Amino acid sequence: MTLPSQSDDNLIAQMREHFFCALLSDTLDELGYMHQALPARIRPLDETLVMVGRARTMLYADVYARPQAGENPYELEIKLVDSLGADEVAVCACGATGRIAPWGGLLSTASKVRGAAGAVMDGLVRDIRHVRELEFPLFHAGIGPLDSKGRGEVIAIDVPVECAGVRINPGDILFGDADGVVVIPKAIEAEVVALAYEKLKGENKTRDALLAGRRLADVYDEFGVL
């Protein structure tokens, strides 16, 4: 196994092939970044899918009135989705009210055809049968039918946000699988990736030793991995 090159496409592809959420969470912990995992309530719609990509953010605000004639409440939402590129992840910071399901089948379709890596939100999702058929990685805080129109509206895109209490900056790497989602700050991504490869080697050696029948205590003493 070799370290990825400086190519961003190669970096993302290598992470998708070799890494997993728990490994990256442990790596971030070891580097002193112990609040990078989204809370347990943020779950994948399809646990078989892996999501790796760079954050593109949307900040929502609660609203309590239907739009006026001629107003487009989805303007910034549409702008961000239409600008998504390959290996980018749409991040919807919806707040804690649980009043909206901003993401569904149509946004998933538009994002997938642009090569987006997935979407993450601390709000609800809907059209889940359609999204599962698309095999589009989607991480959410619940399932419900509530449209954002008249309930919430994007007020800014590509800005720093907190999603489920975790700070996410545009360009940060998000990694999601069946265990959840972790956020890798762009400023430390090279360090995280290099250390994660080293930890992965240790985990593989530990697993092989355990499969060979060795005692866990002895294996831990030798490799220091658990």
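For clarity, every value in this text was computed on a predicted model and none was experimentally measured.
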ask   = Just by modelled atom types, is the E88 backbone N or O under 3.5 Å from a matching donor or acceptor in the R114 side chain?
value = no
message = Treating Q36 as the side-chain partner and Y33 as the backbone partner, does any N or O pair qualify as donor plus acceptor under 3.5 Å?
response = no
request  = Give me the one residue out of T27, L174, L28 that meets side chain to side chain contact (heavy atoms under 4.5 Å, CB included) with I184.
outcome  = L28
Side-chain heavy-atom pair [X], [Y] within 4.5 angstrom cut-off:
| X | Y | result |
| --- | --- | --- |
| F139 | W103 | no |
| M121 | L138 | yes |
| Y60 | E77 | yes |
| P102 | C94 | yes |
| M15 | V193 | yes |
| T109 | H130 | yes |
| H140 | L45 | yes |

message = For A116 versus L84, what's the shortest heavy-atom pair and its separation?
response = CB-CD1, 4.0 Å
message = Minimum heavy-atom separation for D122 and A141, please, with both atom names.
response = O-CB, 3.4 Å
So if you build clusters from Ile, Leu, Val, Met, Phe, Trp, Tyr with side-chain heavy-atom gaps below 4.5 Å, do [X] and [Y] land together?
| X | Y | result |
| --- | --- | --- |
| I173 | I188 | yes |
| V161 | L80 | no |
| L210 | F223 | yes |
| I168 | I42 | yes |

Using 4.0 Å as the upper bound for N to carboxylate O, is an ion pair formed by [Y] and [X]?
| X | Y | result |
| --- | --- | --- |
| E71 | K149 | no |
| E222 | K205 | no |
| K199 | E30 | yes |
| R167 | D172 | no |

key: Aromatic centroids of F175 and F20 separated by under 6.0 Å   = no
task = Using distance alone, with no hydrogens and no angle criterion, decide if Y74 and E153 have a side-chain donor and acceptor under 3.5 Å apart.
result = no
key: Any donor-acceptor N or O pair under 3.5 Å, side chains R56, S83   = yes
request  = Using a cut-off of 6.0 Å, state whether more than 12 heavy atoms not belonging to H35 lie near its atom NE2.
outcome  = no
